[in-house]
Structures are given as structure tokens and as C-alpha cells.
There are 2 protein chains.
Amino acid sequence: MPLDRSIIASLPLFEGLSPAELDGVLKDARAARFPKESTIFEQEAEVRSFFVLLAGHVRVVRATPDGRQVIARYISEGEIFGIAAALGRLTYPATAIAAVDCVVLVWPNAVWPDLAARFPVLSAGTFKTVGSRLQDAQARVVELATEHVEQRVANALLRLANQTGRKTEAGIEIDFPIWRQDIAEMTGTTLHTVSRLLSAWEERGIVVSGRQRVTVTDAHRLVLLAQHRSKD
Amino acid sequence: MPLDRSIIASLPLFEGLSPAELDGVLKDARAARFPKESTIFEQEAEVRSFFVLLAGHVRVVRATPDGRQVIARYISEGEIFGIAAALGRLTYPATAIAAVDCVVLVWPNAVWPDLAARFPVLSAGTFKTVGSRLQDAQARVVELATEHVEQRVANALLRLANQTGRKTEAGIEIDFPIWRQDIAEMTGTTLHTVSRLLSAWEERGIVVSGRQRVTVTDAHRLVLLAQHRSKD
DNA sequence: GCGCCGGTTTGCGCCAGCGCAAATCCCAAG
DNA sequence: CTTGGGATTTGCGCTGGCGCAAACCGGCGC
């Protein structure tokens, strides 16, 4: 396993583990590569593993019975995901797809109880991750329930820019291929509406976008759009 | 503390604890009564305690910066809530209000790490609870993103009926006072639309409703409404 | 260089559901 | 019994945003 141990050791999740302990944690793990657009695990499939993302970006998608789908979140480097087992589930609630070529650590889910018991740091860190996902999900519920499409799309772009933005001379570019349909599935709208919004924003100099690419050039005005109250 | 220990012992959360262990868990708890419509904890307030609901129903509400609010969930008897501390938060992300007169157990949040370490059953149970809340929240995201108001309201009523329904001769009655505005805040719509829907459903014999009261008389047809695809 | 294919843009018509406003109803206090 | 106020119902007009369809565009393979 030619993995850089020091990079792994520096992940927040493993903070506070001694090198020996880290060895113990990693003993049961294997590294795996997932090429762009390949499936890491599938919704409804039996839970066999949990994962830590070392490099790349992962898209987590929930499909509805009638074939529509919603992007639950993007996983960034260093995050733990696929932890359905720890939450007492037998099947994955969503599908995970590599948005770009990815490197992940994989543990068989059976080792979780042991790891969690031996390394409270891990358990607490996972609690924290789950907690922030819960916050996140509930914030999105509020957003979907109270805000207009324009605000939601603005918010989604801002979140992406914050989470995975790469600074370029033009502005903050979202660091993986994303197309209109994706943004629509993050915000509960249609690719048509997203396209219209991006076009309008591009005209006003707030974003620059093209095929599978979005760059936020004026984050400040985008924030204003995101906060815009219908009653002001 | 004139609390019926056996009732507490029978809660799923405490399953698997010996009577002695249960004593240890309860040693740090105190019981408290919250009258109808009183606030148990407030959004943004510093986290001081976590709670288990012994009797009653609690409404958990998130307020938006512009004064609108969204009902995150109703807590039923036996559930743990206000566990922001376990999730690494310093303030509560929402406000909890007693929907009816309530009895709760209260722990100072400082005892959580100790309890979690000493009683893995508690920790795992809380993980499970948080996991199911996360599922729930993400399911609501999908619902809000893909379904129409009619389906969302139908789903909300079905969830309430399942979670807290009381069988009467007329059908399944929701067991606490709930008004149109509440249902609107659970589903991201307005009380007007909810009222129109309930009126229409009442005409068709699917529900009976009145002031602060809803009874589902034909759950089967309500399920059909909830599942109705726009393209059928 | 050309054509194809999938992503993107844009126009157009429509309607679900919101906002406003008024009427009505029902409980509870007096 | 009467009255007041909050909950609920209902009508009406308007519009945000969807669905459909067509045009457009840019990269890639041949």
C-alpha cells in the first residue's frame, strides 16, 4: 500500500491518534481507486464497508421511486462517508459516485464497533460529522421550504465555492466537472431554470460558466442574491 | 422523584441496561414538567442539557433570519432530543416547544462524554437516533425537491398518523393539537393551501378535520395521494 | 475539416400555488 | 347568552417557474 501515511495522519478525523493507534486503525483498511463516474456504493445495497475519501470528489445521490434524483451532498477530501452501518442501517440510503478519479480508504463495516470502542476519538469525530450532516440537511429543508429558486441556486453555488472552490484569476472556480442538471438536482429545480439563472448572472458579471464549469467572479453580489428577501 | 422507574427502563434507548446501570444513568438526571406551549430550549442558546421525553409531544422549530419558521420534527414519547452537545455543537440549532403538557428527563450536557463512554448501549442508541433523524431530514429534502404540495401534505399527515396517531372510531386521529399553520410549516407551504387541501379531502371523505384537530379516515386513499405521480 | 452527440440556451404557454382580502366559524371568557 | 378574537375557509388575480420544443454550440471521433 504505497499511501502517504503522513497525509492520512493529518486528517481531522484521525487527529489525536498516536502513530501506533493509527496503525491499528489502518490495519483493517485497504486503499481503492475509483475512476471518474464509477459507482462506489449503490442505494439500497447491503452495507459492507465504510470509506474515507483521500483524493477527489464524491457525489452522493438519492433516487426517488419515480426515477428523479436529488444530490444529497458532495464529499470532499478527508471526509468519512458511507457510515450507514454506524447509524444502525443495513442498506445504503443513497448512491455514491466518483465525480472525478478518486482514492479512498475502505474498511469492512464489521470492524466499526471494535474501532469505535477502541478509539473514542474516532467515534466522537464521526458523531461530529453526522451531526454536521444533520445540520446541513435540516438547513436545506428550511431553504427548500422558504426560499425561492434563485436564492437556492445562489446558495448552492456559494456552498460549492466554499467547500471545493479553487482560486483562479477570474474568481473562484468549482473544482470538479458540474453540469446544469447537477445544480438543478441540488436545488430542487430544473436544468432550464438553472441555465436561465446562470445566463442572467453571467450578463451581470456575477459568474462565468461554460460546459461543466462554473466560476464565481463576484461572490459578494452572489451572497446578496442568496439573502435577498422577497419583502424588501 | 416519583417517577415510575419501570416505564423508563422499558424505553428502547435504555434497553440492555441492568437496573444498577440504569441507576447510574439516572443519577445525574432530574425530571421536569413543561406546560403546553412552553419553551424547553431555544435556538442559538448555549447548550446546557439534553433530554428524554417521557410524556407528551414536543415540536422542534427552526426559525429563518427573516422570521419565517419551519417545523423540523415532532418528538414522541421515549425519544432523546436536544443532543446538540453529543454532536459537537455549542448552541442549539432549533427551538423546542412543548406541544402539550410534557414530562422530560434532563441531564446536564457535561455528563454526556462520561455516560457515552460508560454505556456503549447509550452511545449506539443515540447514534441510531441521529442516523434516523438524518435519514428523515434527507428524505424531506428529496420530498421538498421533487414532490408537489398535495403529496407533501399527504405525506406529512401520514407520518404524523403513524408516529402519534390514536385510533378512534372515525379513523386515526393525530394525538395533539395541530393547526393549519403547523402543517404548512412542516411542508413548506401556506396555511391557505393546507386549508384548501383539507377541505377538498374532507369532501372526498379522506379526512375529518376541525380546529386544531385532524383525523385520517381513509389512510389508503391518502397513501395514493401521497404517491401520486404527476405523469400518470 | 466535417458531422455527430450531448450539453446548453432560449422562447413560449400554462398552471400550481401564493398573496391578499374578506367572510365565516367556533371556542372561551364574561 | 353574548361578544371578541383567533382559527379556518374561500374567492380572486397574479406570477414564478415548470414543461415542451427548438435552436444553438463546442468538443471529439472519423
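The structure presented is a predicted model; accordingly, all values stated were derived computationally and were not measured.
B/Q212 pairs by the side chain to side chain donor-acceptor pair (under 3.5 Å) definition with nothing, not counting sequence neighbours. Under the rule for a side chain to side chain donor-acceptor pair (under 3.5 Å), B/T187 has no partner lying at least two apart in sequence or in another chain. Applying the side chain to side chain donor-acceptor pair (under 3.5 Å) test to B/D175 and every residue at least two apart in sequence or in another chain returns B/R166. Listed by chain and number, the residues in a ring pair (Phe, Tyr, Trp, His ring centres under 6.0 Å) with B/W107 are B/F50 (sequence neighbours excluded). Legend: residues meeting ring pair (Phe, Tyr, Trp, His ring centres under 6.0 Å) with A/F41, ordered by chain and number and at least two apart, are A/F51, A/Y92. Evaluation of the side chain to side chain donor-acceptor pair (under 3.5 Å) rule for B/R196 yields no partner, not counting sequence neighbours.
Of the charged side-chain nitrogens involved, at least one lies within less than 4.0 Å of a carboxylate oxygen, so that B/E143 and B/R159 count as a salt-bridged pair. The pair A/E202-A/R204 fails the salt-bridge criterion, with no side-chain N (NZ, NE, NH1 or NH2) lying under 4.0 Å from an Asp/Glu carboxylate O.
Taking atom CG of B/L144 as the reference point, atom C1' of C/dG17 lies 15 Å away to the nearest angstrom. The separation between A/L191 atom CG and C/dT9 atom C1' is 10 Å, rounded to whole Å. Following rounding to the nearest Å, B/E202 (CD) and D/dT10 (C1') show an atom-to-atom distance of 15 Å.
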- Query: How far apart are the C-alpha atoms of A/E150 and A/R152, what are their side-chain angles, what is the distance that settles it, and do they pass the salt bridge (Lys or Arg N to Asp or Glu O under 4.0 Å) test?
  - Reply: CA-CA 5 Å; A/E150 182 170 41; A/R152 303 204 304 261; over 6 Å; no
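For the side-chain contact (heavy atoms from CB on, under 4.5 Å) test with B/Y74, the passing option among B/V60, B/V58, B/D182 is B/D182; the others fail.
Residues from residues 170-186 of chain B placing a heavy atom under 4.0 Å of any atom in DNA chain C do not occur. DNA chain C lies under 4.0 Å from at least one heavy atom of each of the following residues of residues 211-218 of chain A: A/R211, A/Q212.
Annotation: the terminal axes of the helix from C/dG1-D/dC30 to C/dG30-D/dC1 meet at 30°, where each axis is the rotation carrying the C1' atoms of four end pairs onto the next four (5 pairs per end, rounded to 10°).
Counting only residues at least two apart or on different chains, the salt bridge (charged side-chain N to carboxylate O under 4.0 Å, His left out) pairs with a member in residues 79-100 of chain B are B/R73-B/E79, B/E79-B/R133. Residue pairs meeting the side chain to side chain donor-acceptor pair (under 3.5 Å) criterion with at least one partner in residues 31-42 of chain A, sequence neighbours excluded, are A/E37-A/R59.
At a threshold of 4.0 angstrom between heavy atoms, the contacts of A/S195 include nucleobase atoms, whether or not backbone atoms are also involved.
Judged purely by distance below 3.5 Å, without hydrogens or angles, the side chains of A/T91 and A/E44 never pair a donor atom with an acceptor atom.
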Below 3.5 Å between N/O atoms, which protein atoms pair up with nucleotides 13-18 of chain D? Just atom names and distances, please.
| from | atom 1 | to | atom 2 | distance (Å) |
| --- | --- | --- | --- | --- |
| D/dG17 | OP1 | A/V149 | N | 2.9 |
| D/dC18 | OP1 | A/T189 | OG1 | 2.9 |
| D/dC18 | OP2 | A/T189 | OG1 | 2.7 |
| D/dC18 | OP2 | A/T190 | OG1 | 3.4 |
| D/dC18 | OP2 | A/T193 | OG1 | 2.3 |

